[in-house]
Amino acid sequence: EEALLPAPQNISILSTNMKHILTWSPVIIQGETVRYSVEFQGEYERVYASESWIPISECSLITATVCNITEDISASVAYNLRVRADIGARRSEWGTLKGLFNRNTTSLTPPVMKVIADGYHLLVELEDMGPAFQFRVLCWKKGQERTMQQKVVKEVSSVVHLDTMEAGAEYCVKAQSYVEAINRNSNFSQTQCVRAQGDTSMWL
Amino acid sequence: TAGNKILHFGACRVSMSMTEIRAGFTAIKANIQARDPIRTLSILSYPHSLHKLNSSDRCCITHHLFNFYVDKVFKHCKTEDSYVNRKISSIANSFLSMKRKLGQCHEQNQCVCGQESSEKFKQILANYEGLNVTSAAMKSLGELDILLDWME
């Protein structure tokens with residue numbers, strides 16, 4: 001009788017900025033192509049629907065050892081994930097994620113940003129991190145932290161106008177991302193400073 | 001953004017990922033409503049619309065309705081379509097998350113149940129139990145936008 005296929009091991013989730021990727025170690029069988037299938041189970045299924053599992057069609061009988069589960073992890077509850085291996089008619093047991101996964105543990109990074117001095121206008125371009133994200137942008141005149149202003153950016157359009165600068169003065173900006181659905185924010189980005197056009201001596 | 005909605009029920013504030021739920025429902029609405037042959041009958045809106053409810057009762061009826069969908073409806077909505085099942089799971093797990101938050105309001109007595117909401121909920125259950133369970137569940141799921149519109 002053919003040996004049972006070993007179940008996939010080292011099943012884990014890499015979750016950054018609300019993108020959740022399931023990965024596992026390959027099952028190695030000399031001269032064979034191993035295929036994998038993934039299923040998920042939310043807390044609702046565990047508690048109210050007889051612990052049923054739901055297949056992810058995009059990750060059924062795939063040869064890769066990664067699966068993007070972002071679309072299915074769409075509530076802030078605890079999810080379970082499992083992976084199985086197949087070679088033709090041979091099938092492994094399910095390998096299951098160690099522990100449950102809740103999206104509120106995703107790691108959040110500060111947005112990539114570009115600060116622009118356009119004449120006397122202080123502008124910032126923010127990375128589009130997806131629909132779940134908003135941004136908190138702080139700007140101030142260099143050396144005068146008490147002049148710090150805050151702007152909350154809910155929709156990432158092309159450029160955001162932050163302030164009108166004094167001629168020749170230097171202004172600094174930093175930003176953090178915020179996800180309302182899990183009520184968490186990232187650390188602040190590196191501070192970036194730019195100088196307005198014109199000459200400060202004009203004011204002497 | 002994935003617009004969270006902060007619902008205010010008197011002293012109770014509940015944050016809801018409304019956009020995510022609506023996106024999930026919109027993706028399967030036509031499929032679900034096509035499975036409901038009796039379009040003239042409503043579970044949520046018969047005989048009166050939710051909009052007729054007294055605002056002080058909104059928290060209680062919302063709490064009841066989330067329990068209704070989680071406890072009774074979603075489990076009877078399994079289909080042969082894997083994509084539809086995934087979206088139903090997404091909505092069900094979001095409802096579960098919010099049912100819990102609303103439950104906290106209820107426990108802190110910030111979600112008073114007046115006679116009007118109790119009457120309305122009794123009517124909804126009667127409408128639901130007047131059909132066979134699968135038809136009732138599919139119809140209730142198909143009316144989710146009525147609930148979401150009323151909540152927004």
Side-chain angles (χ1 to χ4, degrees), chain A residues 17-18 37-60 69-81 100-104 106 126 128-136 152-157 177-185, chain B residues 1-7 13-28 31 66-104 133-134 137 140-141 144 148:
Chain A
N17 294 332
M18 295 294 267
S37 297
V38 177
E39 294 187 347
F40 73 94
Q41 179 193 72
E43 190 167 346
Y44 173 82
E45 284 74 30
R46 254 190 325 286
V47 176
Y48 293 89
S50 354
E51 302 188 4
S52 54
W53 291 84
I54 299 174
I56 299 180
S57 35
E58 292 85 354
C59 299
S60 285
I69 58 174
T70 302
E71 201 175 319
D72 293 295
I73 307 292
S74 52
S76 298
V77 295
Y79 281 85
N80 206 350
L81 277 296
L100 300 173
F101 172 71
N102 190 317
R103 67 178 185 176
N104 55 24
T106 192
L126 290 161
D128 183 352
M129 298 176 75
F133 284 80
Q134 300 174 32
F135 303 96
R136 188 161 155 248
V152 173
V153 178
K154 294 204 171 196
E155 305 281 345
V156 175
S157 56
S177 55
Y178 172 67
V179 178
E180 214 174 15
I182 59 175
N183 194 26
R184 276 186 46 224
N185 47 254
Chain B
T1 70
N4 249 31
K5 195 100 206 150
I6 307 292
L7 298 178
R13 291 172 77 258
V14 178
S15 145
M16 262 179 73
S17 307
M18 209 51 140
T19 310
E20 284 177 323
I21 294 172
R22 254 196 207 284
F25 179 67
T26 304
I28 58 171
N31 182 299
F66 272 83
N67 287 348
F68 167 68
Y69 272 91
V70 169
D71 297 338
K72 282 183 175 295
V73 172
F74 293 127
K75 66 180 74 174
H76 296 298
C77 293
K78 197 148 180 117
T79 74
E80 73 299 334
D81 184 320
S82 162
Y83 177 75
V84 171
N85 292 343
R86 287 163 74 181
K87 290 301 171 189
I88 292 173
S89 166
S90 157
I91 296 168
N93 280 286
S94 293
F95 265 54
L96 175 59
S97 176
M98 283 179 307
K99 164 187 151 100
R100 207 168 280 141
K101 293 177 190 170
L102 273 165
Q104 287 156 13
V133 69
T134 305
S140 304
L141 181 56
L144 209 63
L148 299 176

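Every chain is numbered from 1 and lettered A, B, ... according to where its sequence line falls, protein lines coming before strand lines. Computation of the quantities below employed the complete heavy-atom set of this structure, encompassing side-chain atoms and omitting hydrogens, waters and symmetry-equivalent molecules.
- In this structure, the portion of Y83(B) lying under 4.5 Å from any heavy atom of chain A is its side chain and not its backbone.
- Qualifying salt bridge (charged side-chain N to carboxylate O under 4.0 Å, His left out) partners for E45(A), counting only residues two or more places apart in sequence or in other chains: none.
- S52(A) contributes atom OG, which lies 9.0 Å from atom CG of N85(B) (distance to the nearest 0.5 angstrom).
- The main-chain N or O of A75(A) is never found under 3.5 Å from a side-chain atom of N93(B) such that the two would form a donor-acceptor pair.
- Rounding to the nearest 0.5 Å gives a distance of 4.0 Å between CD of E43(A) and CZ of R100(B).
- Contact record, E20(B) with S74(A): OE1-O, 3.8 Å, taken as the closest heavy-atom pair.
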Take E51(A) and K75(B) through the test salt bridge (charged side-chain N to carboxylate O under 4.0 Å, His left out) and record every step on the way to the result.
-> CA-CA 11 Å; E51(A) 302 188 4; K75(B) 66 180 74 174; over 6 Å; no
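- With values rounded to the nearest 0.5 angstrom, S89(B) atom OG is found 4.0 Å from F40(A) atom CZ.
- Shown here for P55(A) and S82(B), the closest heavy-atom pair between the two residues is O-OG, 3.7 Å.
- The distance from atom CD1 of I54(A) to atom CZ of R86(B), rounded to the nearest 0.5 Å, is 9.0 Å.
- Within 6.0 Å of CD on E71(A) lie no more than 12 heavy atoms contributed by other residues, nucleotides or ligands.
- For I56(A), the parts lying near chain B are the backbone and the side chain together; criterion is any non-hydrogen pair under 4.5 Å.
- Contact of E39(A) with chain B is not made at all, since no heavy-atom distance falls under 4.5 Å.
- Atom OG of S76(A) sits about 10.0 Å away from atom CE of M98(B), to the nearest 0.5 Å.
- The distance from the NZ atom of K99(B) to the OH atom of Y48(A) is 3.5 Å, given to the nearest 0.5 Å.
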